[in-house]
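Data first, discussion second: the structure below is written as structure tokens.
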Amino acid sequence: QFMQQQGINKANLIGHSMGGKTVMEFALQHPIYVNKLVVVDIAPAEYDDGHSKIFQALFAANVQQATTREEVSAVLHQKLGNDETTIGFLMKGLARNENGQHFEWKFNLESLWENYDKISASIDSSKPFTGQTLFIKGEKSAYINGANYAGIERLFPKNELTEIPGSGHWVHADKPQQFLAVVTYFLQKA
């Protein structure tokens, strides 16, 4: 609907993790609107619960009562250790509430938690997306692996797989210059 309202006939779509699942699903359901697809460190596979610890940390932060960003950060560090990349990403989702005295998450934490089984479920379709698709894998990440690559091949037959050395699941945060170069090259080539 947004694309129709804006007069966008086709677009290049990019998504990381849950966003990657979103753009894969969109491309499979609405291929006529997708020029090229970039999927970052996720496959169309089902994933076991690997985020309970993060959800527990987010709920424990009790942002509605926190008065400083440091309070929230301290709870996340206590619960998640020294995972600076994840904590930094989560802190970007923190905003002052309407009265400015406390905080709120920009994302709907409760809905994400309640629907996590759907978010982590596999993606399937009777028809593949036949447009050019780039899958970007973080070298240190297991989200794209030998066991789930067959699903990529089946649903996205015109795929390329690029691995960015030294990066984990948060490829774009770990190696932003390399990530941007890979995406730009893919989008600019015929």
Side chains of Tyr47 and Ile119: does their closest heavy-atom pair fall under 4.5 Å? no

Any donor-acceptor N or O pair under 3.5 Å, side chains His102, Thr67: no

Looking only at heavy atoms, what is the nearest atom pair of Phe129 and Pro31, with distance? CD1-CB, 3.9 Å

Go through it in stages, so that I can follow the logic: the residues are Asp83 and Lys53, the test is salt bridge (Lys or Arg N to Asp or Glu O under 4.0 Å), and I'd like the CA-CA distance, side-chain angles, deciding distance and then a yes or no. CA-CA 12 Å; Asp83 186 352; Lys53 188 176 178 181; over 6 Å; no

Before giving the answer on salt bridge (Lys or Arg N to Asp or Glu O under 4.0 Å), spell out for Glu160 and Lys36 the whole-Å C-alpha distance, their side-chain angles and the decisive distance to 0.1 Å. CA-CA 11 Å; Glu160 299 175 30; Lys36 290 185 179 182; over 6 Å; no

Between Arg154 and Asp124, does a side chain to side chain contact (heavy atoms under 4.5 Å, CB included) hold up when you go through it step by step? CA-CA 10 Å; Arg154 185 174 61 79; Asp124 202 4; 2.8 Å; yes

Atom of Leu155, atom of Pro44 and distance for their closest heavy-atom approach: CD1-CB, 3.9 Å

CG of Asn9 to CG of Asn35, rounded to nearest 0.5 Å, is 11.0 Å

What's the separation between atom CG in Leu76 and atom CD in Gln78, rounded to the nearest 0.5 Å? 10.0 Å

Find the distance between CZ (Phe103) and CG (Leu94) and round it off to the nearest 0.5 Å. 5.5 Å

Joint cluster assignment, Leu112 & Val75, ILVMFWY side-chain distance < 4.5 Å: no

With no hydrogens and no angle check, is any side-chain donor or acceptor of Ser73 less than 3.5 Å from a backbone partner on Arg69? no

Assess the pair His51 and Phe55: is the distance between their ring centroids shorter than 6.0 Å? no

Is there a donor-acceptor pair closer than 3.5 Å between any side-chain N or O of Ser167 and the backbone N or O of Ile164? yes

Verify whether one side chain among Gln5 and Gln1 offers a donor that lies under 3.5 Å from an acceptor in the other. no

How far does CG of Asn115 sit from CG of Asp117, to the nearest 0.5 angstrom? 7.0 Å

Measure across Lys137 and Leu161 and return the closest heavy-atom pair with its distance rounded to 0.1 Å. CB-CD1, 4.1 Å

Starting from Phe186, can I reach Leu37 by hopping between I/L/V/M/F/W/Y residues whose side chains sit under 4.5 Å apart? no

Do Asn62 and Gln64 make a side-chain contact, defined as non-hydrogen atoms from C-beta onward lying under 4.5 Å apart? yes

Please check: side-chain N/O of Lys140 versus main-chain N/O of His169, any donor-acceptor pairing under 3.5 Å? no

State yes or no: do Ile136 and Met24 share one hydrophobic cluster built from I, L, V, M, F, W and Y residues joined by side-chain heavy-atom distances below 4.5 Å, directly or via other members? no

In this structure, are over 12 heavy atoms from other groups packed under 6.0 Å from Asn108 atom CG? yes

Can you give me the closest heavy-atom contact between Ala57 and Leu80, atom names plus distance? CB-CG, 3.9 Å

Please find the pair of heavy atoms, one from Asp41 and one from Gly168, that lie closest to each other, and give the distance. OD2-O, 4.4 Å

Quick one: does Val72's side chain get under 4.5 Å of Leu90's, heavy atoms only? no

Looking at Phe135 versus Tyr149, is the centre-to-centre ring distance below 6.0 Å? no

So which of Tyr143, Phe89, Phe179, Trp170 actually passes ring-ring contact (aromatic ring centres under 6.0 Å, His included) with His16? Trp170

Atom CE of Met3 and atom OH of Tyr33: how far apart are they, to the nearest 0.5 Å? 7.5 Å

Could you walk me through whether Ile152 and Ile144 satisfy the side chain to side chain contact (heavy atoms under 4.5 Å, CB included) test, starting with their C-alpha distance in whole Å, then the side-chain angles of each, then the deciding distance to 0.1 Å, before giving a yes or no? CA-CA 9 Å; Ile152 291 172; Ile144 297 175; 4.0 Å; yes

Verify the neighbour count for atom CD of Glu98: are there more than 12 heavy atoms of other residues, nucleotides or ligands below 6.0 Å? no

Between the CD atom in Glu139 and the NZ atom in Lys175, the distance rounded to the nearest 0.5 Å is 9.0 Å

Step by step, would you call Lys21 with Ile123 a side chain to side chain contact (heavy atoms under 4.5 Å, CB included)? CA-CA 8 Å; Lys21 282 197 163 190; Ile123 294 171; 3.8 Å; yes

Ring-plane angle category for Trp105 and Phe107, please: parallel below 30°, perpendicular beyond 60°, tilted otherwise. parallel

May I ask you to decide if Glu71's main-chain N or O and Thr68's side chain share a donor-acceptor pair within less than 3.5 Å? yes

Residues Asn148, Glu46; criterion side chain to side chain contact (heavy atoms under 4.5 Å, CB included); working and verdict: CA-CA 9 Å; Asn148 62 31; Glu46 180 176 356; over 6 Å; no

Can you get from Leu13 to Tyr185 by hopping between Ile, Leu, Val, Met, Phe, Trp and Tyr side chains that sit under 4.5 Å apart? no

Least distance between heavy atoms, Glu104 atom then Arg96 atom: OE2-O, 3.9 Å

Would you find more than 12 non-hydrogen atoms of other residues, nucleotides or ligands less than 6.0 Å from Lys92 atom NZ? no

Would you say the side-chain atoms of Asn159 and Glu153 include a donor-acceptor pair closer than 3.5 Å? yes

When you group the ILVMFWY residues by side-chain heavy-atom contacts below 4.5 Å and let the links chain together, are Met18 and Val38 in the same group? no

Backbone N or O of Glu84 within a donor-acceptor pair of the Thr86 side chain at under 3.5 Å? no

